[in-house]
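Here the structure is laid out as structure tokens; the discussion comes afterwards.
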Amino acid sequence: MTDTQSQPANRYDAALADKIETRWQQWWDQHQVYKQPNPGEPGFDPSRPKFYCLDMFPYPSGAGLHVGHPEGYTASDIICRYKRMRGFNVLHPMGWDAFGLPAEQYAIQTGVHPEVTTRTAIDNFRRQLKRFGFSYDWSREFGTIDEDYYHWTQWIFLKLYNAWFDPEAGNGRGRARHIDELVEEFYTGKRRVRLNPNAAEYTGAGDLPDGTDAGEWSSLDSETKHAIIDSYRLAYLSQQTVNWCPKLGTALANEEVIDGKSERGGYPVFRKPLRQWMFRITAYADRLLDDLANLDWPESTKTQQAEWIGRSEGAEIDFPLLDLRGEKSGESLRVFTTRPDTIFGATYMVVAPEHPIVELTMELPHPETDENALRSYVQWARNRSDIERQENKEKTGVFTGVYVINPATRKKIPVWTSDYVLMGYGTGAIMAVPAQDTRDWEFATKFNLPIVRTVQPPQDWPDDQPFTGDGPAINSDFLNGLSVAEAKQKIIAWLQQHHIGARRVNYRLRDWLFSRQRYWGEPFPIVFDPRGQHHPVAEDKLPVRLPRLTDYQPAESDEPTPLLGKATDWVHTTAAEAGVADLPPDTPVRRETNTMPGWAGSCWYYLRFCDPKNSNRFASREAERYWMVTPELSVEPEEVHDSGTFQPHTQRVGGVDLYIGGAEHAVLHLLYARFWHKVLFDLGEVSTPEPFHKLFHQGLITSHAFQRADRSLVAIDEVENRGTDDKPAYFEIKTNQPVTQIVAKMSKSLKNVVNPDDVIASYGADTFRLYEMYMGPLEASKPWNTRDIVGLHRLLQKIWRLCINEDGSLRLTETHSPDTEKRLHRLVAKVGSDIERLSFNTAIAAIFEFVNDTDIMTRVQTDWFVRVIAPFTPHIGEELWHRLGHHDKGSVAFAPWPVHDEKLLVDDEIEIPVQILGKVRSKIIVPAKADPKALEAAALADPRIAELIEGKSVRKVIVVPGKMVNIVAN
RNA sequence: GCCGGAGUGGCGGAAUGGCAGACGCGGCGGAUUCAAAAUCCGCUUCUGGAAACAGAGUGGGGGUUCAAGUCCCCCCUCCGGCACCA
């Protein structure tokens, strides 16, 4: 590549920027400059350390990139470029999160197939990203909708389907094992044959799961065997209450339902039980919680995950149920409580409206049951969305007519049902202790239920308030006088001794609902036989391809009907065709018609990037190990962890070295990915227990908008400034009312969305990159201010003028300036350390200062300077690099980062402030290495200081060598 | 309500307990120009002062320290997340 035929203009402007940028982008593409070979491939250098830097891949929408995308992407690009110059093998890939609801909705609106709209959006995103000059290895690009990608998404699903969680394995932390090993243990009698006692789908069933030995494995019929095995699988089918919208023909996420109506269209939404695929993520709750400690993640994100998991310690207690005649029935109602110490104050019980006991009571009413009231309440509660429940917290409920015995007081207490008790948490039933719980207090006062204090409140405590704090137990028999903590210990021991309760840990985290009724997602590799039993598709029959539907309009229906049901030829097939080994080949089978949710594809894409073209495995073991394991953090095992044998003391640690993306994914995506990764780790498929070692969230790029006195928002084009730039006075044009400028999210309605293409057209990509990095700290949310961009463009103009003459030749001097040299070494040191700590705004400020103070440089100095700016502004960097004569030596991307001389970083003489009583009164110039005595003497000898302390007595002189002198004199 | 994070000039922001406001934008003044754009130079926290300089100053109030934007306590505001989780 030569640049002789097109001499650029003398000035660096948008046109020149465009010419330089497009030229080098083409050149990078042609020469595959950023292609990073894997171990064993030609050009791979095993002597270099590795660095895996990942951006959260985008969801390509029809609207194209917005200015928020390039923020994190520019940051990671700078780091990757810097790391390459520091001699790292850098894995820096990009791809597309392309299945999911928005694409499908867009397709329905436009009438164009989602495959087409999505591919178009991807092409547009790729074009836009390339225009920024990001150094992605595009040879690794893929989309989650690619068949040879979702092939492995389905394969991972099967891994979870064919796995169970053994709580005793893995040194007591629990570990996933192959389902065959469970069957083997049942068969040999090593393990009691019974339903999984931790199976979420059976909680609330009172005393059902525990203590139900199923007997000899070999004596069981196949249905029972299936039921037992399925209760252990990490992927299982379960009846779940969902927000069903008949008009849209799909279940909706909670955030898509507003006031009981769908967000889109405003159609009514009902809560309906639906059979759905679930993941037993709750089995991993403790490990997901504990392992946060080892991660280099923002504390806020770790906290959010910890709270999402919501571990709470307490006890499960059985309350004996009374039958129709008021006698002990032998059954009991099980509750979870964190305050077993308050059991003597449990004056009534509350169960969720969905609790089995409610259903049972409606069928077999007790003498005091008001059947109609109960029925209508349950009906009403069932149709209430979660959002309605949140909005109106006024307690509601009805008495079921059922009584239980409080095992501590031996008194008969009533069982109520109320929607403030949630079926999904604990056992779906509580013992209500109004005196020590705010919610129970509200309920008890509303329905006139008895309140007995069992913790002594402080003396001045109001009578009309519950007391939830610590204090001595009262009215509690053998617990009286004990503190809350002591009472808990004692009552749990008592409960266990009498076999009516046990210590128990509960989690806020629920099992993960994984089915959608939508079209645009990964099909499940599952079929159903004529008896309704599910079977996995054999691994070598993957992928199960998403059929191409021409009619992807959702069907309006009262009954949930997944869209894939329309693909009748695809749905109805045979065991042989589908690849089910354990059925006779000609057995008619029905394919699973639900699809996976949008999260599926993003759960493991970081693994595929290690080896994206592999058709035998999701990634080769060698590639996965090379990119994911951080040797300096790992204890190298004697034997590699391939076999699935857990080796707690030799495990490799690592994961993606730096993962940059928005904080909005703090919980769901990052938790789901960690879960899948841990399962794959347990099964010996990956080498590290965690997927992402270091995580960083870039801040939100916001914009300006205007606010009326009533706090409503006004779009920016409806406002004018009737003041000056310095003292602005904004008015709404229509009403002539003053409005105030505020910072708001970019949104179409506020007309404050910035399109990156426009900015690049006006200034070029290098300016755009600099601007976004200069706005402020990467993690902070910052308002976009178009006016400020020009400052960064001017910096590039200055850089251009500093290096290029009016006639287009290189501008160099033979005269070596020691001052320039010193400042250049400081620049190298400052920019390098600022990049390491992701402080790009201060690095750019240092470049500003250097350029402002520099007239001309030698060839060697210019060569260094170009390397320093190249990570930030790769196009102008590459242009200058080649003009410096590096034609044949390749890209500046692989030029070594300059090595500064530490000696040039310190001055011989420095100016330090002299304070009197903490106020700066003078400054003195002293040798940098002056000792405290010399500094004190110099300070006291300063004429101004001498004048000011005249007549005062110097009580103390504090000297901080190299920093300052403070004289205490009065 | 609970959990995070943040409040510094007209604006974006800088500052391992050690000169608050680096750097950029905007503004003001000047140079260049027939003129303008662009460019270059100077000034730009507030108050008083021609200046030297003095005083005040990092959301508010207290405290620790020779020294606090930074550490501690209380309060206010804004942003983000969660929210009847027993």
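To find a chain, count down the sequence lines: A is the first, B the second, and so on, and within it residues start at 1.
- Taking CE of A:M349 as the start and OG of A:S418 as the end, the distance is 14.0 Å to the nearest 0.5 Å.
- Regarding the sugar-base torsion, B:rG9 falls in the syn class, its angle being within 90° of 0.
- Residue A:L695 holds its CG atom at 9.0 Å from CD1 of A:I660, rounded to the nearest 0.5 Å.
- Atom OG1 of residue A:T468 and atom CG of residue A:D437 lie 8.0 Å apart, to the nearest 0.5 angstrom.
- For A:I430, taking side-chain heavy atoms from C-beta onward, the closest of the listed nucleotides B:rG81, B:rG13, B:rA86 is B:rA86.
- Comparing the same atom, C1', in B:rG17 and in B:rU65 gives a spacing of 9 Å after rounding to whole Å.
- Among the atoms of the strands shown, none is found under 4.0 Å from any heavy atom of A:K302.
- Taking 4.0 angstrom as the limit, A:Y774 places none of its side-chain polar atoms (N or O) nearer than this to OP1 or OP2 of B:rG24.
- Counted by atom type alone, A:Y507 and A:D286 present one or more donor-acceptor pairs between their side chains at under 3.5 Å.
- Taking atom P in both B:rC23 and B:rG5, one finds a spacing of 31 Å when rounded to whole Å.
- Each of B:rC66, B:rG26, B:rA86 was ranked by its minimum atom distance to the side chain of A:V790; first place goes to B:rG26.
- Candidate nucleotides B:rC19, B:rG24, B:rC84 were compared by shortest atom distance to the side chain of A:D419, and B:rC84 ranks first.
- Among the protein residues, A:P777 comes within range of the sugar-phosphate backbone only, with heavy atoms under 4.0 Å from sugar or phosphate atoms but none that close to a base.
- Going from atom CG of A:D788 over to atom C1' of B:rG10 covers 12 Å, rounded to whole Å.
- Pair assignment for B:rG69 gives none, since no Watson-Crick or G-U wobble pairing has each distance under 3.5 Å.
- Contact annotation for A:N852: backbone-only contact, meaning every heavy-atom pair under 4.0 Å involves sugar-phosphate atoms and none involves a base.
- Atom CD in A:E442 sits about 14 Å away from atom C1' in B:rA83, given to the nearest Å.
- B:rA86 atom C1' lies 16 Å from atom CZ of A:R334, rounded to whole Å.
- A side-chain donor-acceptor contact under 3.5 Å links A:Q305 and A:R674.
- Within 4.0 Å of A:V960, counting heavy atoms only, lies at least one base atom of the nucleic acid.
- Between the side chains of A:Y377 and A:T396, at least one donor N or O lies within less than 3.5 Å of an accepting N or O.
- The separation of B:rU70 from B:rG18, taken at their P atoms, amounts to 11 Å, rounded to a whole angstrom.
- Among B:rG12, B:rA14, B:rC82, the nucleotide with an atom closest to any side-chain atom of A:T842 is B:rA14.
- In this structure, B:rG17 makes no Watson-Crick or G-U wobble pair, since no nucleotide meets both defining distances under 3.5 angstrom.
- Expressed to the nearest 0.5 Å, how far CD1 of A:I430 lies from OH of A:Y420 amounts to 4.0 Å.
- Listed pair A:R801 / B:rC40 meets the phosphate criterion, a side-chain N or O lying under 4.0 Å from OP1 or OP2.
- Residue A:Q797 places at least one side-chain N or O under 4.0 Å from the OP1 or OP2 atom of B:rU39.
- Using a 4.0 Å heavy-atom distance criterion, A:M964 is classed as a base contact.
- Taking atom P in both B:rU58 and B:rC11, the straight-line distance is 16 Å, to the nearest Å.
- Distances shown here put a side-chain N or O of A:S312 below 4.0 Å from the OP1 or OP2 atom of B:rA86.
- The partner of B:rC84 is absent, by the rule that a Watson-Crick or G-U pair needs both atom distances under 3.5 Å.
- Residue A:L792 places its side chain closer to B:rG24 than to any other of B:rG18, B:rC25, B:rG24.
- Taken from CD1 in A:I500 to CG in A:D318, the straight-line distance is 8.0 Å, to the nearest 0.5 Å.
- No hydrogens or angles considered: a donor-acceptor pair under 3.5 Å links the side chains of A:T301 and A:H697.
- Summary of the strand contacts: A:L509 and A:R944 both lie near RNA chain B, and taking for each the nucleotide with the nearest heavy atom, the more 5' one is attributed to A:R944.
- To the nearest angstrom, C1' of B:rA52 lies 16 Å from NZ of A:K923.
- Judged by Watson-Crick or G-U wobble contacts below 3.5 Å, the nucleotide B:rA51 has no partner.
- For A:K782, no side-chain nitrogen or oxygen approaches OP1 or OP2 of B:rG12 to under 4.0 Å.
- With P as the reference atom, B:rC78 and B:rG63 are 28 Å apart, rounded to whole Å.
- Nucleotides B:rA31 and B:rA15 have their P atoms positioned 38 Å apart, rounded to a whole Å.
- Rounding to whole angstrom units, OH of residue A:Y507 and C1' of B:rC82 are separated by 20 Å.
- Atom C1' of nucleotide B:rG21 and atom CG of A:N841 are separated by 15 Å, given to the nearest angstrom.
- Distance check on atom P: B:rG7 versus B:rG12 gives 12 Å, rounded to whole Å.
- Rounding to whole angstrom units, CZ of residue A:R921 and P of B:rC53 are separated by 11 Å.
- OP1 or OP2 of B:rA83 has at least one side-chain nitrogen or oxygen of A:R508 nearer than 4.0 Å.
- Atom NZ of A:K963 sits in a sparse spot, with 12 or fewer heavy atoms from other residues, nucleotides or ligands closer than 6.0 Å.
- Using a 4.0 Å heavy-atom criterion, one finds that A:K956 contacts the sugar-phosphate atoms exclusively.
- Among the nucleotides B:rU16, B:rC82, B:rC3, the one closest to the side chain of A:K963 is B:rU16.
- Taking atom P on both B:rA20 and B:rC2, the two are 38 Å apart, rounded to the nearest angstrom.
- Of all nucleotides listed (B:rG10, B:rC19, B:rG12), B:rG10 comes nearest to the side chain of A:R787.
- Comparing B:rC11, B:rC25, B:rC23 by their nearest atom to the side chain of A:E849 picks out B:rC23.
- Across all strands shown, B:rU39 is found opposite B:rA31 as a Watson-Crick or G-U wobble partner, with both distances under 3.5 Å.
- Residue contacts shown for A:R510 include a base, since a base heavy atom lies under 4.0 Å away.
- Across all strands shown, B:rG7 forms a Watson-Crick or G-U wobble pair, both distances under 3.5 Å, with B:rC76.
- Among the nucleotides B:rC19, B:rC3, B:rG18, the one closest to the side chain of A:E911 is B:rC19.
- Put simply, CZ on A:R955 is 14 Å from P on B:rA67, counting in whole angstrom units.
- In the set B:rA67, B:rA56, B:rG26, the nucleotide with an atom closest to the side chain of A:K919 is B:rA56.
- Taking the nucleotide of RNA chain B with the nearest heavy atom to each of A:L917 and A:F848, the more 5' of the two is matched to A:F848.
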